[in-house]
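What follows is a set of notes on a single structure, which appears directly below.
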Number of protein chains: 4
Amino acid sequence: MINTTSKRAILLETSLELFVDQGIQKTSMALISEKSQVAVGTIYHHFKSKEELIEGVYLEILESLGKHIAFTHEEEQLDFKSRFDLLWRKGYDYYTQFPNRFRFHDTYSYSPLISNQLREYARGYYQVAFDLIQEGIREGMLINTNPVLIMRWLYNSLSTIIQIKLNHEFEVTEDMVSTTLEMAWKSLTYK
Amino acid sequence: MINTTSKRAILLETSLELFVDQGIQKTSMALISEKSQVAVGTIYHHFKSKEELIEGVYLEILESLGKHIAFTHEEEQLDFKSRFDLLWRKGYDYYTQFPNRFRFHDTYSYSPLISNQLREYARGYYQVAFDLIQEGIREGMLINTNPVLIMRWLYNSLSTIIQIKLNHEFEVTEDMVSTTLEMAWKSLTYK
Amino acid sequence: MINTTSKRAILLETSLELFVDQGIQKTSMALISEKSQVAVGTIYHHFKSKEELIEGVYLEILESLGKHIAFTHEEEQLDFKSRFDLLWRKGYDYYTQFPNRFRFHDTYSYSPLISNQLREYARGYYQVAFDLIQEGIREGMLINTNPVLIMRWLYNSLSTIIQIKLNHEFEVTEDMVSTTLEMAWKSLTYK
Amino acid sequence: MINTTSKRAILLETSLELFVDQGIQKTSMALISEKSQVAVGTIYHHFKSKEELIEGVYLEILESLGKHIAFTHEEEQLDFKSRFDLLWRKGYDYYTQFPNRFRFHDTYSYSPLISNQLREYARGYYQVAFDLIQEGIREGMLINTNPVLIMRWLYNSLSTIIQIKLNHEFEVTEDMVSTTLEMAWKSLTYK
DNA sequence: CATGAATGAGGGTTCATTCAT
DNA sequence: GATGAATGAACCCTCATTCAT
């Protein structure tokens, strides 16, 4: 069982790497087999099809992200702005720590390879973010516009700075990160 | 000669549509041939390879975008904020008018299917945006951070609202659009 | 494993036949697949490409020829003329027994489809012939000219009579064969 | 008309070169068109098909060879051995002067790309060689074996030395050439 | 005569998936 | 569970040939 778990994990990790490096469709099952040292047939024991493997990669990323950004009981007690900052920082940390997961998410989350149904389902993993946004609107801390718009706005603010960091377009300083965070906050508040 | 030109245009249009609907890699040359009523061999008269066809689609979009967002002489005379708004609105108009072009750009501009060299080359088409940003920083109208960061931030602000509009997640009102534009402006200015 | 070996052998045999009958380039992988009752994909399990399949056919012929013409310990004891005759006769026997192998070799061994590197490598298989020639020159049995010239001369003498036999231009009698061998010998000796 | 003739000649020459360098089948009509600066359609004005173009190359070589080796009235008066040597030398000269023609002939004259009918027809171009051989046998100058065998033997003797020369396996001296000629003569005579 | 864009059958090759071991 | 040889449909691309100009 330990072996099984580990094979699944190895497969997900190898697939993620290959998907990000050369594209999902250009990554053949044979290549995944070779790089992960797991026979092709064995892959099909763990995932019914390539499609399911792709979904597995997608879900694992979101599930793990969800765990990473969840608030502890103590954090729940913080004021709104602190929790806003904290959530943004946690997202930043997560994707910075796992660049391939960011790249995968950024490239494929809106591609036709991920079904709408799956996308819908995955929403649960970052419900905490939606909750915070809704609380902010209710309490008058955030501007009163559609939460989905704000959600995307926040993701895009994160994405902006992480893309730059990962593409090495220029060195990203801590100053820049906090500037970006402040830009996001300023744009979503009344003054 | 009119025919020739038109064949190329038809191919680009059909390809764009199919690329966006089902993904570039899932779109076979045979399907493009069928949908565009142009023999496979003929496609290869106009584009040396599938790769070159993809690049053709990419470049055509950016070139056309570039023309659309260029300032007229009169517009050049406007004050900074007016030009900022105008540019953003032009981008919004363009992508709203050509949804597939937006989807293509949004999905593939950072995928491994577009080479860095091509991306670099295409930058020329939206140089006007860079120029405006740099002017804004120089003149103290925009916060003093890296122009590339601002560039992406602006694109992402556009992308946020267009994605929502095209995905019909909810109705996008003119109010919402101007709100989004204001969010972008507010986040990039000092007060 | 027996199956594997046999599939490879079947493929080599079928390919040889088709290559000889209609030319290498006119022989499609699909046709080889059909005639050998082996799926196209399976051919690519055994040979990385059509080129490698061609090389496989070439090498197998030369390797098998090499084994056929090797001297036994007893044969090694014979005098020079006897070994000369024996070698020539062995070559004649081999190619007469496997007409397709002769045709392949005769048609393609100097074509651009066989790389120089491969040709070089294959030389090892008929090293025994070179050795005999060099001994003959050293011992004064053969005229003192370049061994490569003699090598080709001998192959051509063989080729002359086999071509006639296989093309059924007229009946080749044992007398004719021995006449040809004597012509080769006479032309390479001093008197 | 001068133009026509010249285009045909250019096409034959270019085709010969390409056929020899990369193989007949790998040489596309488009490539011939490009290298010879003659539009594809125009090639089809001069040759009904690729097959006819190949045949054209083949026949032109043999026709030209035929003219080159024909005896003048004076040469007809020479004794047998002199004419034997002369014919062999003329063949050697011709192929040495036009290496590509030799290569083409050597590679393709027995390939399935040249029909038996055509081969038969082309025999007329070197009838002079057959005549000489038959005279030699009749007069007791040459051994009494099948003329076809002798014909091939002679061609192979030529081929042996020319192959070596063209492949630059080692430097071919005039001594070597005359040695080869003597080998051919010695092997075909009684003493 | 000359041109070269257009054609589509057919080429070599890949690859997700299956299944006997 | 694990393996990897076997499968054949489908892929991208080439090419001999045609024909409107």
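Here the structure is a predicted model, which is why all the values come from computation and not from measurement. Sequence lines set the chain letters: A, B, ... in the order given, protein chains first and strands last, and positions in each chain run from 1.
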Review point. Just to confirm, is there a sub-4.0 Å distance from OP1 or OP2 of E/dG11 to any side-chain nitrogen or oxygen of C/K50?
Key: no
Round to a whole Å and report the spacing from [atom1] of [X] to [atom2] of [N].
{"X": "B/L18", "N": "F/dC11", "atom1": "CG", "atom2": "P", "result": "12 Å"}
{"X": "B/Q25", "N": "E/dC15", "atom1": "CD", "atom2": "P", "result": "10 Å"}
{"X": "C/I32", "N": "F/dG8", "atom1": "CD1", "atom2": "C1'", "result": "16 Å"}
{"X": "A/K7", "N": "F/dG1", "atom1": "NZ", "atom2": "C1'", "result": "8 Å"}
{"X": "B/L11", "N": "E/dA5", "atom1": "CG", "atom2": "P", "result": "14 Å"}
{"X": "A/M29", "N": "E/dC19", "atom1": "CE", "atom2": "P", "result": "16 Å"}
{"X": "C/K26", "N": "E/dA9", "atom1": "NZ", "atom2": "P", "result": "18 Å"}
{"X": "C/Y44", "N": "F/dG4", "atom1": "OH", "atom2": "P", "result": "23 Å"}

Exercise for review: Between F/dT21 and E/dC1, how far apart are the C1' atoms? Round to whole Å, please.
Suggested key: 13 Å
**Study point:** Secondary-structure stems, DNA chain E, at least 3 Watson-Crick or G-U base pairs under 3.5 Å
**Key:** E:2-21 with F:2-21
Revision key, fill the gap. Contacts of B/I43 and A/I24 projected onto DNA chain E by closest heavy atom; the upstream (5') one is B/I43
Point to revise | Position toward the 5' end of DNA chain E (nearest nucleotide), A/G41 or C/H45 | key: C/H45
I want to check something: taking the side chain as every heavy atom from C-beta on, are [X] and [Y] in contact at a cut-off of under 4.5 Å?
{"X": "B/T27", "Y": "B/D21", "result": "no"}
{"X": "C/R103", "Y": "C/D106", "result": "no"}
{"X": "C/Y108", "Y": "C/Y58", "result": "no"}

Review point. Within the structure shown, what part of the strands sits under 4.0 Å from C/S49 by heavy-atom distance: base, sugar-phosphate, or nothing?
Key: sugar-phosphate
Which one, [options], comes nearest to the side chain of [X]?
{"X": "A/H46", "options": "F/dA2, F/dT17, F/dT7", "result": "F/dA2"}
{"X": "A/T42", "options": "E/dT3, E/dT13, F/dA2", "result": "F/dA2"}
{"X": "D/S28", "options": "F/dG4, F/dC15, E/dT7", "result": "F/dC15"}
{"X": "D/V40", "options": "E/dG4, E/dG8, F/dG8", "result": "E/dG4"}

Review point. Would you say A/K50's side chain and A/I24's backbone share a donor-acceptor pair under 3.5 angstrom?
Key: yes
Review point. Has the side chain of C/R101 got a donor or acceptor atom that lies under 3.5 Å from a matching backbone atom of C/L65?
Key: no
Review point. Between B/Y121 and B/Y125, how do the two ring planes meet: parallel, tilted or perpendicular, split at 30° and 60°?
Key: perpendicular
Check your understanding: Yes or no on side chain to side chain contact (heavy atoms under 4.5 Å, CB included) for B/V38 and B/H46, after CA distance, side-chain angles and deciding distance?
Key -> CA-CA 11 Å; B/V38 172; B/H46 293 278; 5.7 Å; no
